[in-house]
Colleague: 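Take a look at this one; I'll ask things after.
Read the numbers this way: they start at 1 and go in the same order the structure lists the ligands and their atoms.
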Amino acid sequence: MKVPLLDLKQQLSYLREDIIKAVTRVIDSTTYIQGPEVASLEQEVAAYCGVENGIGVSSGTDALLVSLMALGIGPGDQVLTTPYSFFATMGVVLRLGATPVFVDIDPVSFNIDPAAMAEVLARDSERKIKAILPVHLYGQCADMVAIMKLANQYGLPVIEDAAQAIGAECPMSDEGGEMNGQWKKAGSMGLAGCFSFFPSKNLGGIGDGGMVVTRDGVFADKIRILLNHGASPKYYHGQVGGNFRLDPIQAAVLRIKLTYLEQWHRARRENAGRYNALFAESGLVQNNFLVLPQAVHLAKKQTKTLDNSAAMNGVGENYHIYNQYVLRVSRRDALINWLRSQDIGCEVYYPLALHQQKCLGASFPVLSLPQAEKAAAETIALPIYPELTADMQAYVVEKVAEFYR
Ligand SMILES: Cc1ncc(COP(=O)(O)O)c(C=O)c1O
């Protein structure tokens, strides 16, 4: 049996006609820059996230870049972020001439550790840190209650890198606390949230795309100006921006896919539950060959549990949308070779922590961030896409078990 890491052909088989119609509509309209498709997607994604403003942009990377530009981040500034993410999270900070300040991750969620953040912020006596950039890795929100508390304490803006997490939720009240049984969507808790529509994301286009969402109308206006070369009005440039616009063909396709998004999240969550049960049965967890992913943030609300066991424990969890299903495994690299030899797709997100990247150069301080480094050495992502069948999952688990036998 062949089990690819992601199979967009399956999705295309039931979306094809609608996609072709949508693309044809854009072509026939001759509105090839911005226009009604982009405006409608912006409204629909903003409404989905429960915020007032959505601004379509050219990619998740540009969503982050333009958000930091709108904050005026530049040389001499520092941005507090996680060392365990896709390169873009750090790349945008460096491109603006600012410096990333890394704090280690929580080993269970793989997201930035608020306790470590608190220590770094307390030491920043010169107030060089100008923004906080948490990442909701793999589709699970970082501990936003704690992060927003720190942000408010230090008066810092939070830009959420929600590239992998559109639709993920965590328990948070309107006042920023945990209680009240309220839930907030990824991207809606900080000053702004940044999404990627890279094809492998839960909401993926047929090319590059992204969006910034924000409650703050003034911030939204700044971004709208920056993504058109800083022009306001047209041809009058009070500042230097860029061309960060979302393509209307992508917007038209994404509008179709948005109507499937909740259904796809549910399918991914069911697949995660099935893997968890199969791996538990296999004995591999008990024998310490692997550690399963966990939706970690506990709260009172019980309706959004991953599986029945959590409900029985009387706790709720983060609403993890499983953009990736990531395990820690022993003998990771040998397992990868074995799985690939068995026609099972898998990937490492990411083999190096950001502070270990060569591009930082010799002048960047040598850091020890053991949790991020350990995660980079131990993690593996298995196929989790919505159309994955139960038989395929059983095959994956059987082959993993065979490797450790
Ligand atoms: C955490 C994270 N940040 C940023 C990005 C950048 O998004 P894009 O590839 O759309 O530029 C990605 C996407 O791959 C990502 O996973």
Colleague: Enumerate the ring-ring contact (aromatic ring centres under 6.0 Å, His included) contacts for residues 236-258, please, sequence neighbours excluded, ordered by first and then second residue.
Modeller: none
Colleague: Evaluate whether atom CZ of Arg16 has more than 12 neighbouring non-hydrogen atoms of other residues, nucleotides or ligands under 6.0 angstrom away.
Modeller: no
Colleague: I'd like to check which ligand 1 atoms, numbered from 1 as shown, lie under 4.0 Å from a non-hydrogen atom of Val135.
Modeller: 1 (C)
Colleague: Heavy-atom count around Lys130 NZ within 6.0 Å, excluding the residue itself: above 12?
Modeller: yes
Colleague: Touching ligand 1 at all, Lys201? Heavy atoms, strictly under 4.0 Å?
Modeller: yes
Colleague: When you measure from atom 15 (C) of ligand 1 to every protein heavy atom, which one gives the shortest distance, and what is it?
Modeller: Ala163 CB, 3.5 Å
Colleague: Report yes or no: does Asp161 have a heavy atom closer than 4.0 Å to ligand 1?
Modeller: yes
Colleague: Could you please spell out the steps behind the ring pair (Phe, Tyr, Trp, His ring centres under 6.0 Å) verdict for Tyr322 and Tyr138?
Modeller: CA-CA 6 Å; Tyr322 290 98; Tyr138 305 144; 9.7 Å; no
Colleague: Begin with the C-alpha distance, continue with both residues' side-chain angles, and end with the deciding distance and a verdict on salt bridge (Lys or Arg N to Asp or Glu O under 4.0 Å) for Lys184 and Glu169.
Modeller: CA-CA 5 Å; Lys184 293 273 186 290; Glu169 293 182 30; over 6 Å; no
Colleague: Give the atom numbers and elements of ligand 1 that come within less than 4.0 Å of a heavy atom of Thr89.
Modeller: 3 (N)
Colleague: Less than 3.5 Å apart, which donor and acceptor atoms pair up between the side chains of residues 349-371 and the rest of the protein, not counting sequence neighbours?
Modeller:
{"from": "Tyr350", "atom 1": "OH", "to": "Gln164", "atom 2": "NE2", "distance (Å)": "2.9"}
{"from": "His355", "atom 1": "NE2", "to": "Glu373", "atom 2": "OE2", "distance (Å)": "2.7"}
{"from": "Gln356", "atom 1": "OE1", "to": "Ala353", "atom 2": "N", "distance (Å)": "2.7"}

Colleague: Within ligand 1, which atoms have a heavy atom of Thr61 less than 4.0 Å away?
Modeller: 6 (C), 7 (O), 8 (P), 11 (O)
Colleague: Applying the side chain to side chain contact (heavy atoms under 4.5 Å, CB included) test to Arg245, which of Val57, Val38, Ile55, Leu227 qualifies?
Modeller: Leu227
Colleague: Heavy-atom contact check, 4.0 Å cutoff: does Ser85 meet ligand 1?
Modeller: yes
Colleague: Any nitrogen or oxygen of Ser196, side chain or backbone, less than 3.5 Å from one on ligand 1?
Modeller: yes
Colleague: N/O of Gln164 under 3.5 Å from N/O of ligand 1, yes or no?
Modeller: yes
Colleague: N/O of Gly60 under 3.5 Å from N/O of ligand 1, yes or no?
Modeller: yes
